[in-house]
Amino acid sequence: METAPSYLEELNDVQRNAVMTLEGPVLVVAGPGSGKTRVLTYRIAHLIRSGVAPWEILALTFTNKAAREMKSRIEKVVGNKANYVMAGTFHSIFARILRREAPKIGYPNDFTIYDTDDAKSLLREIIKIKNLDNTSYKVGAVLSRISSAKSNLIIPKAYAQSEELLQQDRMNKMPYVYQIYDKYVKRCEKAGAMDFDDLLLLFFKLLYKNPDGVRQEYQQKFKYVLVDEFQDTNYLQYAIMKLLVDYHGSPQNICVVGDDAQSIYSFRGATIENILQFERDYPTLKVFKLEQNYRSTHHIVQAANEIITNNKNQIKKKIWTDLIEGERIKVIKGMTDGEEGRRVADTIVEQKTRNHIKNTDIAILYRTNAQSRVFEEYLRRYNLKYRVFGGLSFYQRKEVKDMISYMRASCNSKDDEAFKRIINYPKRGIGKATIDKISALAEEQDLSFWDAMGKIKLTTRTNSLLLAFRTMIASFNKKAQTADAYDTAMYIAKGSGLYKLLKGDPTIEGIGRFENFNALLDGVKEFIENDEVQNGVIETDKSLGTYLQNIALLTDLDDEKDDDDYITLMSIHAAKGLEFKSVFVVGLEENLFPSYMSLTLPENIDEERRLFYVAITRAERYLTLSYANSRYQYGQMRFNDPSRFLEEIPQDSIESYGVVMKKKPDFSSPKLIGNFKRPQARNMPNKIAEGDFNPSPQSAIKEGVTVLHRKFGKGKVEMIDGHQNNLLATINFEGIDTPKRIALKYAKLQVL
DNA sequence: GGGGGCTATGGGGGG
DNA sequence: CATAGCCCCC
């Protein structure tokens, strides 16, 4: 008989049971630092050791980094078979499958992936086409409505029929979101483009509609499914998981790992409800709770436990450690954000000399990316190497996106967003007026931007400019058909004039841009030279189209530079899953952390608290918290109270007792120095109190009467027109220059 | 059609 | 404050 594999001896009892329960549904509730990744990887290794083929295992993560980490750890146990495990992010795995199956749902194999910028640009255009007021229809808000609809499996038709959603949109003064959504989906389809949510939604559609038995094919293929960070899945992801796992005679080999206390992505639709639903959907579920923390010393663990008790509604769980008591948590106060930065940098220097900590062992974590600046300033001044993650990613930089747009346009002639970006960059005399005319023709005759460009009749001069542009792109496209990604990219870089343009800019910024541009080209070269295994598949296709597919889902965090010794600066969200010997959590102030956006709803504060919980549990030995009494925010000096979270830490775990304010912080809105408050845009009408307002029936609103509106105040009805069942009143409100057009069936007006 | 400057607006997290 | 969209002027 074979001896038990040695990796099983590296596990505690609960971990080992979780690893060895291979069949049937399993839920692993894993506290921070409890060996979650170890359990996941050893479980996969154990599956392979038990004779399961690596490609029959599907492991879904939220970041590429987590997937890579997992694979490299599996590799240590089972060797290079690990490469063939289908491990990757939800988005990348589904994108890869869709690339093969897309025609079954009416998409081309070489579909484009629209990033957030593309999506917003498209929405901006749609809002314009529909003649909607872009002050009430904010692209960001509209996109987030669409995104959350998709994440909840609500297609445009269902959206248009949901009284609840329509009501919400009306309240937010954007009643026609449902129409924008419908148009947006059609335009994406027409462009052969998917946005991030579509990668999930259309994969769901593929399985659900089941053309050619494709669902059964993938159900059979993925015999074992694992989901990491389950607390951050949304409804759509859960639905996909169920489609893969639930079928007649299924062994339901599904293992999900998560921690409700670390759920920090509800803003993008994640719901802890999935954990509860999972328990209901799989009654034979086996639950394992990992509560022993191997990462942090006692004071840190105790503080984490204490803090999280302030949240209601959580799965009962208490992490513990048998590590030493360790250092107490240090709290640093600065009078200003600048002083906070300096004192944090001072503390880093002190830790480095006294405790011999390397840069890589240190992280500065903040709530918002904008906070990195001051820390960068002092680290630079002290000659400490650092690296900022997040913020504007490499692929979002203008010079990089421009080049990528050229590549996209050269591969997919229907990619309207790419074309609009490059048609006149570098300048070639095709201006806004021409572009508008092309867009209008495309809209009118339902053509792609590219086809409209070829069809439109304008002045001789303009037409020849357009022809020259089309000829150029056609040559790029031809090159892309035959040459590899690098040759094509170089051909495009030179042929488009981008190379020359960027090279010729001698300014500091220009040199930086040219460097980024070259870094992109180097990346293409690397792509064609290395046979990478991605998501369990060896990439042999070296075409530009494939390259584009591979980079579409990359972020800043994926860019590994591990030989360098640098201090890590990143948002707390980005730090999830990581650990550092010494962690600085900075900016612990009311309105910043917790964010002012969260202060109105208790459940949002709870999420901020979970975020704080995530932050402090990244630390192994040294945890330092900091705040500033004042800081520049949005162009103004603001005074914020210390964060309520500071008070939730047990006092005997804090070193600098007395720094924290004794009294409960005042949670009122930020105070402003002097009278720098920006004047309110337009006249802010007097708000009408709830009780004083009795809306009149629609029939009472007639021309000439004076009415009261909750937001706009008093006004005179000048005119009523519009369709019978959608009457529009033109009302002149006091103190508002332009008359408002108000739909009577929605608006609440009181006749005075 | 291009460029510069004004102003409104955001202001959070990310695949 | 930083940025982006928009408007106006050349």
Side-chain angles (χ1 to χ4, degrees), chain A residues 60-67 88-95 113-117 119-121 124-125 127-128 134-135 138-141 144 147 151 194-200 229 232-234 236-237 263-270 365-371 373 389-393 395-396 398 423-437 458-459 461-462 465 551-558 570-576 587 591-598 604 607-608 610-611 614-615 631-638 670 676 678-682:
Chain A
L60 298 167
T61 63
F62 274 82
T63 62
N64 298 306
K65 198 183 168 76
T89 64
F90 283 86
H91 292 85
S92 75
I93 299 259
F94 299 163
I113 296 174
Y114 274 178
D115 67 14
T116 313
D117 290 340
K120 285 185 176 168
S121 147
R124 205 166 284 127
E125 189 191 327
I127 290 168
K128 212 175 200 172
N134 61 6
T135 56
K138 306 227 164 59
V139 277
S144 103
S147 173
S151 304
M194 301 185 191
D195 67 17
F196 290 135
D197 299 310
D198 288 333
L199 295 175
L200 309 182
E229 309 282 10
D232 288 329
T233 52
N234 61 33
L236 173 55
Q237 287 162 324
S263 160
I264 54 175
Y265 281 106
S266 77
F267 71 94
R268 59 175 201 214
L365 307 180
Y366 33 76
R367 179 66 181 82
T368 69
N369 282 313
Q371 285 166 256
R373 225 205 64 242
F389 292 82
L392 199 58
S393 100
Y395 295 99
Q396 287 176 311
K398 182 178 173 345
I423 185 166
N424 200 32
Y425 187 81
K427 299 267 159 60
R428 47 177 73 90
I430 305 172
K432 193 175 172 304
T434 308
I435 295 170
D436 284 349
K437 281 175 200 155
L458 296 164
T459 61
R461 191 187 116 83
T462 311
L465 291 171
I551 60 158
L553 299 169
L554 292 185
T555 66
D556 229 27
L557 300 177
D558 299 323
M570 57 169 58
S571 71
I572 301 166
H573 282 89
K576 190 167 71 157
N591 297 306
L592 183 60
F593 193 14
S595 153
Y596 76 101
M597 315 255 319
S598 72
N604 290 350
E607 176 143 326
E608 296 285 308
R610 292 193 293 268
L611 193 58
V614 168
R631 71 172 60 235
Y632 263 102
Q633 260 177 310
Y634 324 130
Q636 285 163 339
M637 177 72 86
R638 281 167 183 257
F676 295 153
R678 197 180 342 155
Q680 290 287 349
R682 310 273 165 272

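Throughout, a chain's letter reflects where its sequence line sits, starting with A, and its residues are numbered from 1. Below, each value reflects all heavy atoms present in this structure, side chains not excepted, and no hydrogens, waters or symmetry copies. Source: prediction; values computed, not measured.
The phosphate of dG12(B) has neither OP1 nor OP2 within less than 4.0 Å of any side-chain N or O from N369(A). For T368(A), a side-chain nitrogen or oxygen approaches OP1 or OP2 of dG12(B) to under 4.0 Å.
Distance E229(A) CD to dG13(B) C1': 14 Å, rounded to the nearest Å. In this structure, R367(A) places its CZ atom 6 Å from C1' of dG13(B), rounding to the nearest Å. If you measure from atom NZ of K138(A) to atom C1' of dG10(B), you get 10 Å, rounded to the nearest angstrom. As a whole-Å value, the separation of D436(A) CG from dG5(C) C1' is 14 Å. As rounded to whole Å, 14 Å separates atom P of dT3(C) from atom CG of D117(A). Atom CZ of R373(A) and atom P of dT3(C) are 12 Å apart (whole Å). In this structure, F62(A) places its CZ atom 14 Å from C1' of dG13(B), rounding to the nearest Å. For I572(A) and dG13(B), the CD1 to P distance is 11 Å, given to the nearest whole Å.
With hydrogens and angles left out, the side chain of E608(A) and the base of dG12(B) share a donor-acceptor pair within 3.5 Å.
Rounded to the nearest 0.5 Å, atoms CZ (F196(A)) and OG1 (T116(A)) are 5.0 Å apart. With rounding to the nearest 0.5 Å, the separation of OH in Y395(A) from CG in D115(A) is 12.5 Å. Here the OH-CG distance, from Y114(A) to D197(A), works out to 15.0 Å after rounding to the nearest 0.5 Å. The distance from atom CG of L200(A) to atom CD of Q237(A), rounded to the nearest 0.5 Å, is 5.0 Å.
In DNA chain B, consecutive stretches of 3 or more Watson-Crick or G-U wobble pairs with both distances under 3.5 Å are given as paired ranges: B:1-10 with C:1-10.
Judged as a side chain to side chain donor-acceptor pair (under 3.5 Å), and not counting sequence neighbours, the contacts of E229(A) are K36(A), Q231(A), K576(A). R631(A) pairs by the salt bridge (Lys or Arg N to Asp or Glu O under 4.0 Å) definition with E340(A), E589(A), not counting sequence neighbours. The side-chain contact (heavy atoms from CB on, under 4.5 Å) check on N604(A) picks up S598(A), L601(A), with sequence neighbours excluded.
Within the 3.5 Å criterion, the main-chain N or O of I264(A) finds a donor-acceptor partner in the side chain of H573(A). Of the possible polar contacts, one joining the N424(A) side chain to the G429(A) backbone as a donor-acceptor pair under 3.5 Å is found.
Using a 4.0 Å heavy-atom distance criterion, F90(A) is classed as making no nucleic acid contact. Among the atoms of the strands shown, only primed sugar atoms or phosphate atoms (P, OP1, OP2) are found under 4.0 Å from some heavy atom of R124(A).
A residue-by-residue look at S598(A) and D197(A) shows that S598(A) has its nearest nucleotide of DNA chain B further toward the 5' end.
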So which protein nitrogen or oxygen atoms get under 3.5 Å of nucleotides 8-10 of chain C's nitrogens or oxygens?
none

Distances under 3.5 Å between nitrogen or oxygen atoms of protein and nucleotides 1-4 of chain B:
from: dG1(B); atom 1: OP1; to: T434(A); atom 2: OG1; distance (Å): 2.4
from: dG1(B); atom 1: OP2; to: A433(A); atom 2: N; distance (Å): 3.2
from: dG1(B); atom 1: OP2; to: T434(A); atom 2: N; distance (Å): 3.2
from: dG2(B); atom 1: OP1; to: G429(A); atom 2: N; distance (Å): 3.3
from: dG2(B); atom 1: OP2; to: N424(A); atom 2: ND2; distance (Å): 3.1
from: dG3(B); atom 1: OP2; to: K427(A); atom 2: NZ; distance (Å): 2.3

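The side chain of K128(A) sits closest to dC6(C) out of dG13(B), dG10(B), dC6(C).
Considering only heavy atoms from C-beta on, S263(A) comes within 4.5 Å of D232(A) through its side chain. Counting only heavy atoms from C-beta outward, the side chains of L553(A) and L199(A) approach each other to under 4.5 Å.
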For a salt bridge (Lys or Arg N to Asp or Glu O under 4.0 Å) check, start with the C-alpha distance between R610(A) and E607(A), then their side-chain angles and the critical distance, and finish with the verdict.
CA-CA 5 Å; R610(A) 292 193 293 268; E607(A) 176 143 326; 3.1 Å; yes

